[in-house]
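The structure under discussion appears below in the form of structure tokens.
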Amino acid sequence: MQQRNILAIDGGGIRGIIPALILSHIERRAGRPIAELFDLVVGTSTGGILALGLSMPDPLARDGSQYSASELVEFYKHCGPQIFDPSLWRSLRSVSGVLDESYSAETLEHVLESYFKTRTLAECRVPTMVTTYAIERREAVFLRSFNPDHKAIRCVDAARATTAAPTFFEPASVRIAGEPHALIDGGVYINAPAVSAYAEAIALYPDSDINVVSIGTGHLTRPIPLERAVEWGAAGWLAPLLDCMFDGVAKVTDQQMDLLLGDGYYRFQLSLDNANDEMDDASEANLAALEAAALALIEREEQKLDRVVARLLSG
């Protein structure tokens, strides 16, 4: 039975630097790019940016990939503060964002265009999928590089759609098979896409031995005090509710995947004890704290990571 290796990357805004660092470690140990180690790469939100970035081809590069995971670490360090620039924070956020989104999407779109340029999903080196949700059609939309109706979609548009987190960025308008779709961040229903990645792998690679590597962006550790929550109305609950949805889905997905695959499932996750868990805290201090947390996880899980690399190289 042929072995198939699947990568699933969680959402989490600026905290995407955590999976980027872990994947950089895997690339260094394996001596090969992510696109050559996995048979399917799936991401939600910031994980979608990573999935698409690691799938970009470059015929002139020695390893055939346009971006290494370490280069995407630098993406978060250099572009994160631009995307989540407090000086561009919309003033209406002062009333909990109930009248508008936190940030203008123009900077995000400019940054994504500088990275993906005119690349389309059809050009991905490895089958790649990112999650979104169509608000007008009320349906989950999985943008797949291997779906004939999706191949012409620009990677920048797919990345923009999967990162359109409610209260942070306005919805993205993407044409799919000639029809317009208003899309938002797939994290509203599947912030940790491991189960969907596994289901997709079963459909793509029937009768295969499937392994899933799932990488998180950090557990939330801040409590929500009851005495504060009982006084919140709709406006007060907006941001905390999104956090609860994202964190809860990730934890349930982890339990489900452990039951489904057992030894074929590898999850890398950490607690954000010394870093701010806000998805838009791209301050120098918080980026350093997130990096330190990721490096500590890599050191702590070194043997497990070595087992993953050995399995990836044997596939």
Side-chain angles (χ1 to χ4, degrees), residues 1-10 19 22-44 47-48 50-59 61-69 72 120-131 140 142-151 155 158 186 190 192-216 253-269 301-315:
M1 186 179 292
Q2 186 174 1
Q3 177 178 298
R4 298 290 186 174
N5 300 309
I6 314 303
L7 174 62
I9 313 172
D10 291 11
I22 295 169
L23 290 168
S24 177
H25 175 83
I26 289 174
E27 283 190 332
R28 285 197 304 272
R29 296 302 289 263
R32 294 169 61 184
I34 292 299
E36 293 181 3
L37 294 171
F38 291 92
D39 300 288
L40 172 66
V41 179
V42 179
T44 290
L50 287 171
L52 292 164
L54 294 168
S55 299
M56 287 296 95
D58 184 353
R62 185 177 62 180
D63 64 6
S65 288
Q66 184 167 1
Y67 300 116
S68 66
L72 293 177
T120 64
L121 291 182
E123 297 177 75
C124 290
R125 291 190 66 195
V126 60
T128 303
M129 182 174 83
V130 299
T131 67
F142 297 89
L143 298 178
R144 302 172 173 93
S145 67
F146 44 92
N147 183 325
D149 288 338
H150 299 170
K151 288 186 175 184
C155 291
I190 192 166
V195 171
S196 286
Y198 178 51
E200 202 69 32
I202 292 173
L204 277 174
Y205 307 115
D207 303 318
S208 297
D209 180 19
I210 296 173
N211 303 305
V212 174
V213 176
S214 173
I215 307 182
T253 297
D254 186 33
Q255 295 171 357
Q256 292 171 335
M257 287 301 300
D258 195 43
L259 290 171
L260 286 169
L261 278 183
D263 292 341
Y265 171 64
Y266 301 86
R267 174 68 168 169
F268 295 95
Q269 179 65 300
E301 300 273 30
E302 185 174 7
Q303 292 185 352
K304 183 177 174 182
L305 283 163
D306 285 346
R307 290 197 302 271
V308 166
V309 169
R311 179 162 284 198
L312 293 175
L313 292 175
S314 68

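For clarity, every value in this text was computed on a predicted model and none was experimentally measured. Throughout, residue positions are numbered sequentially from 1 according to the sequence presented.
- Ion pair Asp263/Arg311 not flagged as a salt bridge, since none of the NZ, NE, NH1 or NH2 atoms sits closer than 4.0 Å to an Asp/Glu carboxylate oxygen.
- Under the rule for a salt bridge (charged side-chain N to carboxylate O under 4.0 Å, His left out), the partners of Glu36 that lie at least two apart in sequence or sit in another chain are Arg32, Arg125.
- To the nearest 0.5 Å, atoms CG (Asp39) and CG (Leu312) are separated by 9.5 Å.
- In this structure, the side chains of Ser145 and Met129 stay at 4.5 Å or more apart for every pair of heavy atoms.
- By the salt bridge (charged side-chain N to carboxylate O under 4.0 Å, His left out) test, Glu123 is found to be paired with Arg119, residues two or more places apart in sequence or in another chain being considered.
- Here the OH atom belonging to Tyr198 is positioned 6.0 Å from the CG atom belonging to Leu260, to the nearest 0.5 angstrom.
- You'll find the side chain of Leu52 reaches within 4.5 Å of the side chain of Thr128, heavy atoms only.
- Between atom CD of residue Glu200 and atom CD1 of residue Ile6 there is a gap of 9.5 Å, rounded to the nearest 0.5 Å.
- One distance of note links CZ of Arg4 with CD1 of Ile210; it measures 9.0 Å at 0.5 Å rounding.
- Residues satisfying the side-chain contact (heavy atoms from CB on, under 4.5 Å) test with Ala61, not counting sequence neighbours, are Asp58, Asp63.
- A 4.5 Å side-chain heavy-atom check between Asn5 and Leu37 finds every atom pair outside the cut-off.
- No option in Asp10, Leu7, Leu50 other than Leu7 meets the side chain to side chain contact (heavy atoms under 4.5 Å, CB included) test with Ile215.
- When all heavy atoms of Met56 and Cys124 are compared, the closest pair comes out as CE-SG, 4.0 Å.
- Note: Tyr205 OH to Met1 CE = 15.5 Å, rounded to the nearest 0.5 Å.
- The minimum heavy-atom distance linking Gly216 with Arg267 is given by the pair N-NH1, 3.5 Å.
- For Thr44 (side chain) and Thr131 (main-chain N/O), no donor-acceptor pair under 3.5 Å exists by modelled atom type.
- Judged as a salt bridge (charged side-chain N to carboxylate O under 4.0 Å, His left out), and not counting sequence neighbours, the contacts of Arg29 are Glu302, Asp306.
- Tyr67 is linked by a ring pair (Phe, Tyr, Trp, His ring centres under 6.0 Å) to Tyr115, counting only residues two or more places apart in sequence or in another chain.
- Residues passing the side-chain contact (heavy atoms from CB on, under 4.5 Å) test with Ala69 are Leu23, Ser24, Glu27, Leu54, sequence neighbours excluded.
- Considering every non-hydrogen atom in both Leu313 and Ala30, the closest pair reads CD2-O, 3.9 Å.
- Geometrically, Lys304 engages Phe268 in a cation-pi contact defined by less than 6.0 Å to the ring centre and at most 45° from the axis.
- In this structure, Thr120 OG1 and Lys151 NZ are separated by 9.5 Å, a value rounded to the nearest 0.5 Å.
- Across all their heavy atoms, Ala51 and Val42 have their closest contact at CB-C, 4.2 Å.
- Residue Ala158 comes nearest to Leu121 through the heavy atom pair CB-CD2, 4.1 Å, listed as atom of the first residue, atom of the second, then distance.
- With respect to Val130, the side chain to side chain contact (heavy atoms under 4.5 Å, CB included) criterion is satisfied by exactly one of Val41, Leu143, Ile9: Leu143.
- Leu305 has its side chain within reach of Ile22: a pair of non-hydrogen atoms, C-beta onward, lies under 4.5 Å apart.
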